[in-house]
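A short write-up of the structure that comes next.
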Amino acid sequence: MSINCAAVDRLIDSMSFTQKVGQLNQRLFGWKSVERNAAGRLVASDELKQEIDRWGGLGTLYGLLRADPWSGQHWGNGIRPEERTEAIAVVQQTVLERGAHGIGVLLSEEAPHGHQALGGTVLPTNLGLGATFDPQGVQEAEAAVAAELAASGIHIALVSGLDIARDPRWGRCEECFGEDPLMAARMCEAIVTGMQGEHRSKVGHGGVAVVLKHLAAQGEAVGGRNGQSAVLGPHDLHEIHLPPVAAGVRAGALGFMAAYNDIDSVPCCANPWLLKDYLRDQLGFDGIVMADGLAVDRLEDMAGSIPAAGRAALLAGVDVSLWDEGFTRLEEYADDEQVVAAVDTALRRVLELKAMFGLLPEDGADTAAIAMPSADAIAQATADGREQAKRMAREAITLINDGQSAATLDDIRSVIADAQAGPVIVAGPFADDFGCFLGDYTAPLPADEQSSVYRQLVARLGEDRVLLAAKPSDAPADQWARASTVVFVCGSTSERSYDSEFDDNGAAKAVTEYGATCGEGVDLSDIRLPWRQDDMLGEVAALTTAPIVSVAVCGRAHVLTDVLERSAVTIWAGYAGQYGPQAVADVLVDGADMSGRLPVTLPAYPAAIPVRYNDRQSAAHVYKDAAEPILRGFGYGAGSLAAVTFSEMHADTQSHPGEVLVQVTAHADDHGAAGAVNLFAHVSGGRRIPRLAMLVDSVYMDLNAGERRDIAFHVPCDRLRDVGDGQVQVTCTLDGDSTHTVTATLPGEY
């Protein structure tokens, strides 16, 4: 929908200062805006009415459909999929009836990896999606999520993607696409294009506006402590943390969320260089900047008061608040010319976004004519989302160890397929667990959609063949002696219970002994597997001679050294989403290929962190008690692409000005292969200490059996060299394989 700028001007001119400020506030929790009457029908709550009356309208409403332990919404009291139309209609009609200008409300929802609503699609978390190295696949999956949101009457999707996993102690690593800025940038572009369409073509037409979070450098926080200081220089800020931001702007993102952390002492929510000079002036961003939840109020110590905190955030470039009080106190600055001008600027951005969704009254009309959701469209979009979730779960599964003992994965598959072989014992704390696959920011799923690795194997092999032993003592010694295979399901979980304690922004506050070990608010000082799982695996190994397949369900780079040593095969599953258990069973029983690659470096020791593939100095042989601190490197994957051979690799610096063209020929074996082929570079001859390696291009390919294909990597020169004089030598390596390396020299004219 085109924006009628004259109509927006007239609306702004007709509003009081209070009404203008109200359009910038997103203070009310959406799940508190409706309630059920005696007949069980949804009606507007007094809290919603009071909020509308206070401001003469409503700007943005957060989380109307959200369901999880923090909101307290579940299948017994929350808004069910078939009630979404009713809920949206109640809210929009109440806003139009009680508001002063006939303006509808923007509805925003959490969608970090699917829609956080009852019945919503649950994709793998970003760390799992990052393991696919498949931006096109992510784009298609996010398009399905956006279709569900749009069909449900939602306008804004709050989507993680900007954060880079720099320290595995940080609980929110699961929300990162990994430790590499190029892949994160490509995934952010995929999110925006999938949800908004090319050139924002789907916005208001089956798509939603994306607010990418979090801006910026939140993954760099000291010690992996959530929301704390990011201590880094401008070069690393631009090279590691800002590429996903620039990619989001290029793709047309309509929003960014300013993060909790500060960068070199300046809070992101009050950083005019970040939100104005860089984002708007340098990149040309024209959408809204939203504060993270209560982030504005956290400026109180810096600003001196809550009202001053609101003013500081507004003048720094924040347009829309989230739950805070600071923006509600902007009314106190009605005589401040700077604030008045900034309010009008932010208001224009909000109203222009509303115009895209038909939330403003058209010429001659008193109120906006808002289209209501369609139950059939919701059902179809949700079904499409489920198929995308299944596909991405399969792509996320990563083989990180095969044939550690005499048994290989193929051997184990043969044994599992042999009905006459001994029992398959599914062991470990997550053997019969579903929630561990889901990650944080997930609504509860109905019981009939829940599964586990144990239940999936029972469904395929039969109850008589598959035994459950969450603890070693759960199975008798004779069964351990007879076992043909042990599947040990280990890792961590972000699942919260409905009796958990939370901070005021929804982050985990207190975690029970066997509660969440990952997610927002769950930063850890020890990244070994929790609950002494290494010891448990040792007990299992002592009870049986059967080969062990370990399935690591992880939202961070846990130390898996003992797991690899004691397992014949190790599969890394990230948080693969609602179809994670099926994807694991597909691998073990159906022989499905594993195309995933590690999106993070796995450390070999708990204190030898952080280690990243793109550090400038190697951590090897530095610690006298941990000479080799890396267990598995970024991009490692021993799955379907392991059998692909490469030849005829060469580099061309002449044919394409401004880039290095690296070409190589790939040969598939008799089974074919799918997955990403990554090109890394090491640069020397510049003015800085070079990174050990940089991912400079990645090509996702699907080869038929026996197929031979030429692959071309296009590497922009500005990604390879720093500003200065002199030649730069670039060594390009294919997926860390030193046998496939070429060296090129870039001229000094730059």
Side-chain angles (χ1 to χ4, degrees), residues 69 112-113 122 124-131 160 165 167-176 178-179 219 224-226 393 396-398 400 427-442 452-453 470-471 487-497 500 507-508 510-537 550-564 567 570-578 580-581 583-584 596 598-606 609-610 631-632:
H113 56 106
V122 183
T125 64
N126 280 357
L127 202 63
L129 292 176
S160 302
D167 192 320
R169 291 171 290 185
W170 189 37
R172 303 188 79 169
C173 283
E174 65 179 85
E175 296 182 49
C176 307
E179 67 186 48
R225 300 194 288 272
N226 190 46
I397 303 300
T398 303
I400 61 172
F430 300 114
D432 194 25
D433 189 86
F434 176 61
C436 65
F437 282 92
L438 300 181
D440 203 356
Y441 287 92
T442 304
S452 67
V453 173
K471 300 188 298 295
V487 179
F488 186 78
V489 189
C490 57
S492 58
T493 178
S494 291
E495 186 178 24
R496 274 76 164 141
S497 65
S500 298
V511 177
T512 59
E513 182 179 1
Y514 292 103
T517 54
C518 203
E520 185 173 6
V522 191
D523 306 327
L524 299 178
S525 64
D526 187 345
I527 59 167
R528 290 175 293 185
L529 291 178
W531 315 334
R532 301 185 66 187
Q533 292 178 66
D534 289 333
D535 293 342
M536 184 184 300
L537 179 56
S550 286
V551 179
V553 185
C554 300
R556 68 172 92 228
H558 280 293
V559 173
L560 300 177
T561 303
D562 288 348
V563 173
L564 264 64
S567 308
T570 304
I571 295 168
W572 187 89
Y575 289 155
Q578 65 190 103
V584 171
L598 283 174
V600 287
T601 301
L602 297 187
Y605 302 93
I609 57 171
L631 182 66
R632 288 286 186 266

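The structure displayed is predicted, hence computed values, not measured ones.
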Take Tyr575 and Ser492 through the side chain to side chain donor-acceptor pair (under 3.5 Å) test and state the conclusion after the steps. CA-CA 9 Å; Tyr575 289 155; Ser492 58; 2.8 Å; yes
Let me confirm one number: the CG-CG distance from Asp523 to Asp167, rounded to the nearest 0.5 Å. 9.0 Å
Which heavy-atom pair separates Gly519 from Ser494 by the least distance, and what is that distance? N-OG, 3.4 Å
Quick check for you: to the nearest 0.5 Å, what is the distance between Leu602 atom CG and Arg556 atom CZ? 13.0 Å
For the side chain of Gln578 and the backbone of Val122, is there at least one donor-acceptor N/O pair under 3.5 Å apart? yes
To the nearest 0.5 Å, how far apart are CZ in Arg528 and CG in Asp535? 9.0 Å
Step-by-step side chain to side chain contact (heavy atoms under 4.5 Å, CB included) determination, Asn226 to Trp170: CA-CA 6 Å; Asn226 190 46; Trp170 189 37; 3.0 Å; yes
Without swapping roles, check the side chain of Arg172 against the backbone of Gly521 for a donor-acceptor pair under 3.5 Å. no
Within the side chain of Asp440, is there an N or O that forms a donor-acceptor pair under 3.5 Å with the backbone of Glu520? yes
Using side-chain heavy atoms (C-beta onward) and a distance below 4.5 Å, is Arg632 in contact with Trp572? no
Pairwise side-chain contact, Leu529 with Val559, heavy-atom cut-off 4.5 Å (strictly under): no
Do Ser525 and Arg169 come close enough that some side-chain heavy atom pair is under 4.5 Å? no
Verify, without hydrogens or angle tests, whether Thr493 (side chain) and Ala516 (backbone) share a donor-acceptor contact under 3.5 angstrom. no
Glu174 side chain reached by Asn126 side chain, heavy atoms, under 4.5 Å: no
Give the minimum heavy-atom separation between Cys518 and Gly171, together with the two atoms involved. SG-O, 3.5 Å
Nearest heavy-atom contact between Gly491 and Cys554 is CA-SG, 4.2 Å
Tightest non-hydrogen contact, residues Ser452 and Pro581, listed as C-CB, 3.5 Å
Could you check whether any side-chain heavy atom of Ile571 comes within less than 4.5 Å of a side-chain heavy atom of Ile397, counting everything from C-beta outward? yes
Any side-chain heavy atom of Val489 sitting closer than 4.5 Å to one from Asp433? no
Close side-chain approach of Ser497 and Pro69, heavy atoms under 4.5 Å: no
Might you point out which heavy atoms bring Met536 and Pro429 nearest each other, and give the distance in Å? SD-CD, 3.8 Å
Would Glu175 and Ser160 count as a side chain to side chain donor-acceptor pair (under 3.5 Å) if you check the C-alpha gap in whole Å, the side-chain angles of each, and the deciding distance to 0.1 Å? CA-CA 6 Å; Glu175 296 182 49; Ser160 302; 2.7 Å; yes
Report yes or no: does Thr442 contribute a side-chain atom to a donor-acceptor pair with the main-chain N or O of Gly439 at less than 3.5 Å? yes
Which residues pass the ring pair (Phe, Tyr, Trp, His ring centres under 6.0 Å) test with Phe430, not counting sequence neighbours? Trp531
Smallest heavy-atom separation, Leu438 atom then Gly577 atom, equals CD2-C, 3.9 Å
Do the non-hydrogen side-chain atoms of Phe437 and Val453 ever get within less than 4.5 Å of each other? yes
Give the C-alpha distance, both sets of side-chain angles, the deciding distance and a yes or no for side chain to side chain contact (heavy atoms under 4.5 Å, CB included) between Ile400 and Leu560. CA-CA 10 Å; Ile400 61 172; Leu560 300 177; 4.1 Å; yes
To the nearest 0.5 Å, what is the distance between CD1 (Ile527) and OG1 (Thr517)? 12.5 Å
